[in-house]
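Okay, so here's the structure we're looking at.
Bear in mind the structure is a predicted one, so any value in this text is a computation, not a measurement. All values below were derived from every heavy atom in this structure, side-chain atoms included, with hydrogens, water molecules and symmetry-related copies excluded. In the text below, chain A, chain B and the rest are named by the order of the sequence lines, each starting its count at 1.
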Amino acid sequence: MSQEEVTPDARPRTPERRYDPQELDAKWQARWDADKLYQVRDDDPRPKWYELTMYPYPSGDLHIGHWYAMAPSDAHARFRRMQGYNVLHPMGFDAFGLPAENAAIRRGIHPYQWTMSNIENMRRQLSSMGPVYDWDREIICALPEYYRWNQWIFLQLYKTGLAYRANAPANWCPSCQTVLANEQVVDAKCERCDSAVSRRDLEQWFFGITRYAEELLDFSGLLDWPERIKTMQTNWIGRSEGVEISFDISEYGLDESEIRTFTTRIDTIYGVTFVVIAPEHPLVDRLTTADRRAEVDAYVEQARRQSEVERLSTEREKSGVFTGSYAVNRLNGDRVPIFVADYVLLTYGTGIVMGVPAHDQRDFEFAKKYGLDVRVVIAPDGWNGETLQEAHVEDGTQVNSGPFDGLPVAEGKERIADHVEANGWGSRTVSYRLRDWLISRQRYWGTPIPMLYCETCGVVPVAEEDLPVLLPEDAQFRPTGESPLKYHEEFLNVDCPGCDASAQRETDTMDTFVDSSWYHLRYASPRYDQGPFDPEAARGWLPVNQYTGGAEHAVMHLMYARFFNKALRDLGLVEYDEPYLRLFNQGTIIADRQKMSKSRGNVITPDPYVSELGADVVRTYLMFLGPWDQGGEWSDAGINGMARWLNRVWDIAQRDASTLDAQTADDEAVRSLARMAHKTVRKVEDDMERFKFNTALAAMMELTNHMGRAWDDGGLDSAEWRDAVEKLLLLLAPIAPHVTEELWERSGRPYSIHNQPLPQWDEELARDEEITLVVQVNGRVRDRIQVAASIAEEEAKQLAMESGRVQPYLEGAQIRQVIYVPGRLVNVVVG
RNA sequence: GCCCAGGUGGCGAAAGGGUAGACGCGGCGGACUUAAAAUCCGCUCCCCGCAAGGGGGUGUGGGUUCGAAUCCCUCCCUGGGCACCA
């Protein structure tokens, strides 16, 4: 062999240029598992960090959307580990719910079997991602060891009256054959199956979330929640300040001498020309006069029969009928007719509304239709008595308002409210749109509500020591509209603990959102059997520092969990006010421009990608797609780019650095590699902190690009090269845990890379020595000059003005101003 | 109708009022190869120009500023939420 000179291009690279992802995935997952590398200990002395991802419903197969939720949060949790925290990043399954029961009805599989086999499959799929989950902490809500504590918490809430039973109109989903909470009704349709929801009056169990309405509006305890979610919750709670004001109906000699209405516009009280009462209101019957009876009854009946979709349509023309009775406006003595109309809702305010057609569009339309007076009491600017074409809802000046004429609306409101209160006709109040949480479900696959009905003792709670009330395994699944438990004699019939007479169990089960309202607490001590959670473990881990999940839960799970937390706090079970300190909502991965779903047939499974390209490639690709909170359309077009890059990392990390010492190290080359490495560390750590995985990856790619070029250009030294490789591997480890672990081992570094601290950066080394100074004339770029980063202002300005490219623009012009932005640009303003 | 988020190359996207398009995909050209794949190198917003260079450009129209993708106002479009809540 001849003594060839080693040219840069001929420098030896790794013979093995591509790695085998299946081999690496299997090797390291088995090793981590065997070593319990990710076991989480309560007594670890490092500061704790609880990073929680919304647990999945075990629907059967994991799709790419699950990975999109789980992989980045896993990377973030790993990042925190490497920052030196004792990180709890648990996983479990939201295992109760309708799909399991529907599968039972359709295919004769027991919900338990269906659920548990799905969990097994999904656990395997999740594990293929190489996550940091400590599976010893897994929770499955459908198991008695979990749901008995739902029952226990229910009993605590019952004691304080926060859990109560009431007969109320409920949202009924005819397809799911159960009632739904308000939050589960979207556009008068079932959130789950899209069926049109109807109404049913039923005895139901409620949780008194409205008691916490005011506190739920206070987001100050939440360090970092998306504005969007806070706005959605605020709107959902729907706080309105107003006045409850009564109208006199004493002329009828009923039990009630007055009816109460709620208004946010007490300033318009002199414009009342009628009163409207909701069709379901108990007073309707008594207010209806004999001659109006037939018509009113027919109207009420028709309103009841209507579907919610029809009734809630804003497009629909207003309708109503006169009851025959009148109410007296105490401020001016006016006697106005009382109507029944379905545009007034029983469940909001007092269920009775004062009609002010001049200043409320709904009342305006109603008045037009039924020929009622439109009396202007708030004069629009420049109004001179002409007829209104629509309601004037904006501000103005009080007119036709007795002693309050001439006041601006804001003041009129206050003065009239004072006047009303002083006379005892009403008082200022606050109304909320939020309703109590209806938790009864007429289904089998959920937590049995631990209550009994005894003929002598009435409603009796199951004794705590008798918990759990177990779901019987042998129930018949029939879509009857009633709980299958109702037909299970053994379950149904029990002895009353109070009087030993025969009693019957409550056969409804709890909404599955009850499970998820406190599951974060269970992870602290998942096998604890003296209570829902070990108080000491909970004190150590909670509240959750970082929560991640989809925004679709904004007004359901996320609000219920906040409510539960406050209720548990008031029971003395936890000490903090909010369960989830920080919240990050990842976006949605869509396919064919639609959300992925089995019924649409557009579900993308990660499995084939994982087995072909490896978990690291899929993880990296999902994080590189774009900003995590934005989601996006799934396309595998770019996924090869990630495989290509990880193979480049594979190649670069294994180059034999000892060959570098044979050459003369070039100061500038060494310095420039160090600068690039330190800048990358700074950028990546900053980005990872804020879930900006895509730009963190871009920065790592730039580093590998630089390293590849620098290697070819020569002049490096081995220590600096090794340091750059080490930094790159450490930064990449949270995102691509398998390949980095392998490279870490191959380079002779101690197992495991995932127990290493993050690399440090040195501001001094990261600093640029030379910068590109942009020279503008009147804001337009005319030149770019390389200058020392330390350049003084005067020198920078002078160099800029002397630039040959700039000179022509300055000739004969007057220099008005020279703007200097250190490290960036000089802008010469000429006139 | 109201509230929120967003609109940037062929595509995914980047840009803390200061070089628009980093990074990646795709495309084009080249090296290696008998060939292909893989890999590596180069080019890749549009228009004029051989070039140097010039002009235009971040949904629309205006404004603030020495300077705007970024801040303010108008309108249009897309996605999400709420919707007869008095």
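Summarising the base pairing, U70(B) is matched to no nucleotide, lacking a Watson-Crick or G-U wobble pair whose two defining distances lie under 3.5 Å. With a cut-off of 3.5 Å on both Watson-Crick or G-U wobble distances, the partner of A5(B) is given as U78(B). Here G26(B) sits opposite U44(B) as a Watson-Crick or G-U wobble pair (both hydrogen-bonding atom distances under 3.5 Å). The partner of U64(B) is absent, by the rule that a Watson-Crick or G-U pair needs both atom distances under 3.5 Å.
In this model, the phosphate group of A22(B) is not approached by any side-chain N or O of Asn705(A) to a distance below 4.0 Å at OP1 or OP2. Proximity of Lys683(A) to the phosphate of C23(B): no side-chain N or O atom is located under 4.0 Å from OP1 or OP2. Listed pair Arg780(A) / G56(B) meets the phosphate criterion, a side-chain N or O lying under 4.0 Å from OP1 or OP2. Considering only side-chain N and O atoms, Arg228(A) lies nowhere under 4.0 angstrom from the phosphate OP1 or OP2 of G6(B).
Between Asn778(A) atom CG and A68(B) atom P there is a gap of 11 Å when expressed in whole angstrom units. The nearest whole Å value for the distance from the CG atom in Leu345(A) to the P atom in C84(B) is 7 Å. In this entry the distance linking OH of Tyr621(A) with P of C25(B) reads 11 Å, nearest Å. Rounded to a whole Å, the CG atom of Asn235(A) is 13 Å from the C1' atom of G80(B). Atom CD1 of Ile229(A) is separated from atom P of G81(B) by 11 Å (rounded to the nearest Å). Rounded to an integer number of Å, the gap from Phe366(A) CZ to C84(B) P is 17 Å. Look at CG on Asn694(A): it is 14 Å from P on C23(B), rounded to the nearest Å. The distance between atom CG of Asp712(A) and atom P of C40(B), rounded to the nearest whole Å, is 11 Å.
Using a 4.0 Å heavy-atom cutoff across all strands shown, Gly641(A) reaches sugar-phosphate atoms only and no base atom. Using a 4.0 Å heavy-atom cutoff across all strands shown, Arg433(A) reaches at least one base atom of the nucleic acid.
Side-chain polar atoms of Thr347(A) and Arg435(A) form a donor-acceptor pair below 3.5 angstrom.
In this structure, Phe274(A) has its ring center at least 6.0 angstrom away from the ring center of Tyr370(A). For Tyr621(A) and Trp634(A), the ring centers sit closer than 6.0 Å to each other.
Lys692(A) meets the side chain to side chain contact (heavy atoms under 4.5 Å, CB included) test with Asp687(A), Arg690(A), Asn694(A), Thr695(A); sequence neighbours excluded. Considering only residues two or more places apart in sequence or on other chains, Phe364(A) meets the ring pair (Phe, Tyr, Trp, His ring centres under 6.0 Å) condition with none of them.
When the C1' atom is compared between U8(B) and A69(B), the two are found 7 Å apart, to the nearest whole Å. Spacing between C71(B) and G16(B) at atom P, rounded to whole Å, works out to 10 Å. Only the C1' atoms considered, A31(B) is 15 Å distant from A36(B), to the nearest whole Å. G21(B) and C32(B) are spaced 32 Å apart, taking the C1' atom of each and rounding to whole Å. Distance noted for atom C1' between G42(B) and C47(B): 24 Å (whole Å). Between the P atoms of A14(B) and G24(B), the separation comes to 15 Å (whole Å). The separation of U60(B) from C66(B), taken at their C1' atoms, amounts to 26 Å, rounded to a whole angstrom.
For residues 230-243 of chain A, every residue pair satisfying the salt bridge (Lys or Arg N to Asp or Glu O under 4.0 Å) rule, not counting sequence neighbours, is listed here: Glu214(A)-Arg239(A), Glu227(A)-Lys230(A), Arg239(A)-Glu241(A).
Side-chain atoms of Lys369(A) come within 3.5 Å of backbone N or O of Lys318(A) as a donor-acceptor pair. Between the side chain of Gln233(A) and the main chain of Ala554(A), a donor-acceptor pair closer than 3.5 Å is present.
Here the CG atom belonging to Leu799(A) is positioned 5.0 Å from the CD1 atom belonging to Ile785(A), to the nearest 0.5 angstrom.
Of the residues in residues 623-631 of chain A, those placing a heavy atom less than 4.0 Å from an atom of RNA chain B are Phe624(A), Leu625(A), Pro627(A), Gln630(A), in numerical order. Residues of residues 768-775 of chain A having a heavy atom closer than 4.0 Å to RNA chain B, listed by number: Thr772(A), Val774(A).
In terms of position along RNA chain B, the nucleotide closest to Thr231(A) lies nearer the 5' end than the nucleotide closest to the other residue of the pair Thr231(A) and Arg435(A). For the pair Asp363(A) and Asp686(A), both in contact range of RNA chain B, the more 5′-proximal nearest nucleotide belongs to Asp686(A).
Glycosidic conformation, G53(B): anti, with the torsion outside 90° of 0.
Residues Phe693(A) and Arg619(A) form no side-chain contact, since every pair of their non-hydrogen atoms from C-beta on lies 4.5 Å or further apart.
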Between protein and nucleotides 50-54 of chain B, what N or O pairs are separated by less than 3.5 Å?
from, atom 1, to, atom 2, distance (Å)
G53(B), OP1, Arg805(A), NE, 3.0
G53(B), OP1, Arg805(A), NH2, 2.8
G54(B), OP1, Tyr809(A), OH, 3.1

